[in-house]
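Since the model is a prediction, treat every value here as computed from it, not as a measurement. Lettering follows sequence order; numbering is per chain, from 1. Side-chain atoms are counted along with the backbone in the values below, which use heavy atoms only and exclude waters and symmetry mates.
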Amino acid sequence: MKILALHVDHVEYEPIRPESSIYEEAERKAHRIEDALLLLTCVEKGDDAEIAIRALRELAEQARKLGASRIVIYPYAHLSSNLAPPSEALSILRAMRDEARALGIETYSAPFGWNKRLEVSVKGHPLAEQLRSYERAGERAEEIPQALLLEERLESYWYILTPEGDMIPVEEYDFKGHENLEALARYEIQKSRAVLEEPPHVSLMKRLEIADHEPASDPGNLRWYAKGRLIKSLLEQYVTEKVIEYGGIEVETPIMYDMNHPSLKRYLHKFPARQYIVETEDKRYFLRFAACFGQFLIAKDMSLSYRDLPLRLYELTRYSFRREKSGELVGLKRLRAFTMPDVHAICRDLEQAKEEMRRRLKLSLEVMEGVGLTKDDIEMAIRFTRDFYEEHKDFIFELVRMFGKPVLAEMWSERYFYFVLKWEFNFVDCQRKAAALSTDQIDVENASSYGITYVNERGEKMYPIILHCSPSGAIERVIYALLEKAYLAMMRGEKPMLPLWLTPTQVRLIPVKPEYLDDCLKILERLEKAQIRADIDDRDESVDRRIRDAETEWIHYIVVYGERERKGGLLSVRRRATGSVEKISLDDLISEIRKEIGGKPFKKLPLPKLLSKRPSFR
RNA sequence: GCCCCGGUAGCUCAGCUGGUAGAGCGGCGGCCUCGUAAGCCGCAGGCCGCGGGUUCAAAGCCCGCCCGGGGCUCCA
């Protein structure tokens, strides 16, 4: 609770019109009170009547000392950005008024919930103006990182950068042919959102038995079913392999850290996210919101030579935790616990950092392509400080050219964060909303905060530049993008599907009658030997029915096996991609699938191969 | 956080202004033995999200809370 106490010669107010959903009855006429202590009172979240009474008693005493014979309680919201809901605020204000009357002071109250004309004449003595703040005893104020507060008043300038080297203010750019980029720009700048119901990936993730909400946990912490776990695990494995090919050195670090550790404390305040807090008997820990801490703490203990750089430390966090506001959580798109590959590159100087960033942009483009998102599916945004732009224009446009499409740019007047440049790929979904996937940043601050140094050719200790990159973004978010993309295809009248290598069942075998089950089992064995996930729908259902079920599972290849196949030796294969049914040999089917999957990771199907024995998670 | 919408069988949902719960799918049993997107019949299954209130009577009305979705961050 905040109260601005003003000792006034007179105060005059006049209710004009109700302004809040909850407001008191009031007469629209001017009220004038002479020689009073005016209490401009703001009720904040978490306040209660007890605080209000304590405040009122203290200020009544103050009024007596000042020689003010009356007080005016005036609801005044403008003293806080953390207001209590109106209904609560009103009842707390009433508690104050009751207490004032109980103390026998002459009290006036301005009505709650009204827009009012206000005129005050404050006395000219040192104690005439005082701001008081009241909190519940022993309660800690909510910990909001400074960066969150700073972000709100940061000044941004928006442009479109083109591969041709133009920098065009967003409002002058013609978005024709770049509708997704336009949606991204609108989403980022105006924060305007199209109105639509639930995003389609939410029901898809449930129907396909990928993931679901877990009511027994905190919102934004999901449960993953067998198929979802498989898809997620394949993506995790894929990204990890790509990062290791690029030169990443994989490590594993703790998920919680001491809030009072000196280097962490500073970083905590430079990163705009809310934390989960874990309290033990004597300490407070926060759950990591990225892999930075663990890797930085490792790097600070290494004795690094310039010869070791760039050093690429990598971890795939399961999980990173961010306590997003409840209203911001959405399906797989925005979670409170998520899986994120995070690779840092410790570079000797800005030149090496730039070179490294080029490689990582290329890596990220490959990873996007690999998981099944093409350049048509993503839009790039680059953000940088004005100073960095002035000195490294060419480099920025080089990144734009590597992406090959116009890019949204945000220029900051000053550096508020630990980085001077960051870029990210955004996926624009069915609701025309954007979500960031891959990203990389140039960090010029944390080497010194964490005491990370290397020794140069002349034997001097130097602070490196650190790059922070997630080549895919959160794995859950990749699945969100793939599901939204599949839904968009469905809307265009195409068959929705996931990339073959991520589809849990790649081949479904359907024996026409039980007597063909043994043949199917042999085929299954051959497929599994070739690292293809297959299963057999041996349920006592019609062939039509089993085909339909396989289609609704988005299975790429459906093989119906009966007398004709046993005699002819060729398989009848229904291909999802084309919708056609063709006769081909098992060997040809295997090589077709192997070719399509290429070098992508393989994992066995973690479910019973016979559908008659397979449990349903729903 | 605030506002709006929703929570009814395992799932998806119906249930008008209060009179004590329904369908389809799924499950189970039986029949059918099937050739490229749902074969037929039967049976079981419900603290109507949770707690309180109003009422002779609440799934439906009122209050609070929890969970999901959407919007907002205006403001005493």
Output the rounded distance in Å from [atom1] ([X]) to [atom2] ([N]).
| X | N | atom1 | atom2 | result |
| --- | --- | --- | --- | --- |
| A:Asp212 | B:G10 | CG | P | 15 Å |
| A:Lys333 | B:G70 | NZ | P | 8 Å |
| A:Leu517 | B:C34 | CG | P | 16 Å |
| A:Glu551 | B:A38 | CD | C1' | 13 Å |
| A:Asp537 | B:G35 | CG | P | 15 Å |
| A:Ile3 | B:A76 | CD1 | C1' | 14 Å |
| A:Leu90 | B:A76 | CG | P | 14 Å |
| A:Lys495 | B:U36 | NZ | C1' | 10 Å |

So, under a plain 3.5 Å distance rule, would you say the side chain of A:Arg564 forms a donor-acceptor pair with the base of B:G35?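 By the distance-only test, yes, there is a pair.
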No-H, no-angle donor-acceptor pair, A:Arg545 side chain to B:A38 base, under 3.5 Å: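 For A:Arg545, whose side chain was compared with the base of B:A38, there is no donor-acceptor pair (under 3.5 Å).
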Which nucleotide in the set [options] lies at the smallest distance from any side-chain heavy atom of [X]?
| X | options | result |
| --- | --- | --- |
| A:Val543 | B:C34, B:G68, B:A37 | B:C34 |
| A:Pro219 | B:G68, B:A76, B:G35 | B:G68 |
| A:Pro199 | B:G69, B:A76, B:G35 | B:G69 |
| A:Glu541 | B:G35, B:U36, B:G39 | B:G39 |

Is B:G22 in the syn range, within 90° of 0, or in the anti range?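 Because its glycosidic torsion lies more than 90° from 0, B:G22 adopts the anti conformation.
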Can you tell me the pairing partner of [N] across any strand shown, Watson-Crick or G-U wobble, with both distances under 3.5 angstrom?
| N | value |
| --- | --- |
| B:C40 | B:G30 |
| B:G10 | B:C25 |
| B:C47 | none |
| B:C75 | none |
| B:U17 | none |

Measuring from A:Ile555:CD1 to A:Asp537:CG, what's the distance to the nearest 0.5 Å?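 If I round to the nearest 0.5 Å, the distance is 8.5 Å.
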From A:Trp412 atom CH2 to A:Tyr157 atom OH, the distance as rounded to the nearest 0.5 Å: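 Nearest 0.5 Å value for the CH2-OH distance: 13.5 Å.
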Evaluate side chain to side chain donor-acceptor pair (under 3.5 Å) for A:Gln506 paired with A:His556, printing each intermediate quantity in order. CA-CA 6 Å; A:Gln506 291 163 329; A:His556 284 241; over 6 Å; no
Using a cutoff of under 3.5 Å, can you pull out all pairs of nitrogen or oxygen atoms linking the protein to nucleotides 30-32 of chain B, with atom names and distances?
unit_1 : atom_1 : unit_2   : atom_2 : d
B:C32  : N4     : A:Asp540 : OD1    : 3.4
B:C32  : N4     : A:Asp540 : OD2    : 2.6

Quick check on B:G71: is either OP1 or OP2 less than 4.0 Å from any side-chain nitrogen or oxygen of A:Lys433?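 A:Lys433 to B:G71 OP1/OP2: side-chain N or O found under 4.0 Å.
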Between A:Ser542 and B:G39, does any side-chain N or O lie under 4.0 Å from OP1 or OP2?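 Looking at the OP1 and OP2 atoms of B:G39, one of them is under 4.0 Å from a side-chain N or O of A:Ser542.
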Whole-Å [atom1] distance, [N] and [M]:
| N | M | atom1 | answer |
| --- | --- | --- | --- |
| B:G22 | B:U8 | C1' | 10 Å |
| B:G46 | B:C32 | C1' | 32 Å |
| B:C66 | B:C41 | C1' | 42 Å |
| B:G26 | B:C63 | P | 41 Å |

Do A:Lys613 and A:Asp538 sit within salt-bridge range, that is, some charged N less than 4.0 Å from a carboxylate O?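 No salt bridge links A:Lys613 with A:Asp538.
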Basic-acidic side-chain contact under 4.0 Å: A:Glu494, A:Arg492: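 Salt bridge present between A:Glu494 and A:Arg492.
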Between A:Tyr13 and A:His31, what is the ring plane arrangement, given parallel below 30°, perpendicular above 60°, and tilted in between?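 A:Tyr13 vs A:His31 ring planes: parallel.
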Walk me through it: do A:Asp429 and A:Tyr480 pass the test side chain to side chain contact (heavy atoms under 4.5 Å, CB included)? CA-CA 9 Å; A:Asp429 64 21; A:Tyr480 138 83; 2.8 Å; yes
Using the side chain to side chain contact (heavy atoms under 4.5 Å, CB included) definition, which of the options A:Val507, A:Leu521, A:Ile510, A:Val559 pairs with A:Ile536?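 That would be A:Leu521.
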With a 3.5 Å cut-off and no angle check, do the side chains of A:Asp218 and A:Tyr276 form a donor-acceptor pair?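 There is such a pair (donor and acceptor under 3.5 Å, judged by atom type) between the side chains of A:Asp218 and A:Tyr276.
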Under 4.0 Å between any heavy atoms, over every strand shown, what does [X] touch: base, sugar-phosphate, or nothing? Just pick one.
| X | answer |
| --- | --- |
| A:Val560 | base |
| A:Arg546 | nothing |
| A:Glu565 | base |
| A:Val330 | sugar-phosphate |

The test is side chain to side chain contact (heavy atoms under 4.5 Å, CB included); show your working for A:Arg575 and A:Tyr557 and say whether it passes. CA-CA 5 Å; A:Arg575 285 196 186 79; A:Tyr557 296 93; 3.7 Å; yes
Pull out every residue in residues 502-513 of chain A that has a heavy atom closer than 4.0 Å to any atom of RNA chain B, ordered by number, or say none.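 Per residue number, the list reads A:Val512, A:Lys513.
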What are the residues of residues 567-576 of chain A, sorted by number, that bring a heavy atom to within less than 4.0 Å of RNA chain B?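 Nucleic-acid contacts, sorted: A:Ser572, A:Arg574.
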Minimal non-hydrogen separation, A:Leu222 against A:Gly331, with atom names: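 Smallest interatomic distance, heavy atoms only, reads CD1-O, 4.1 Å.
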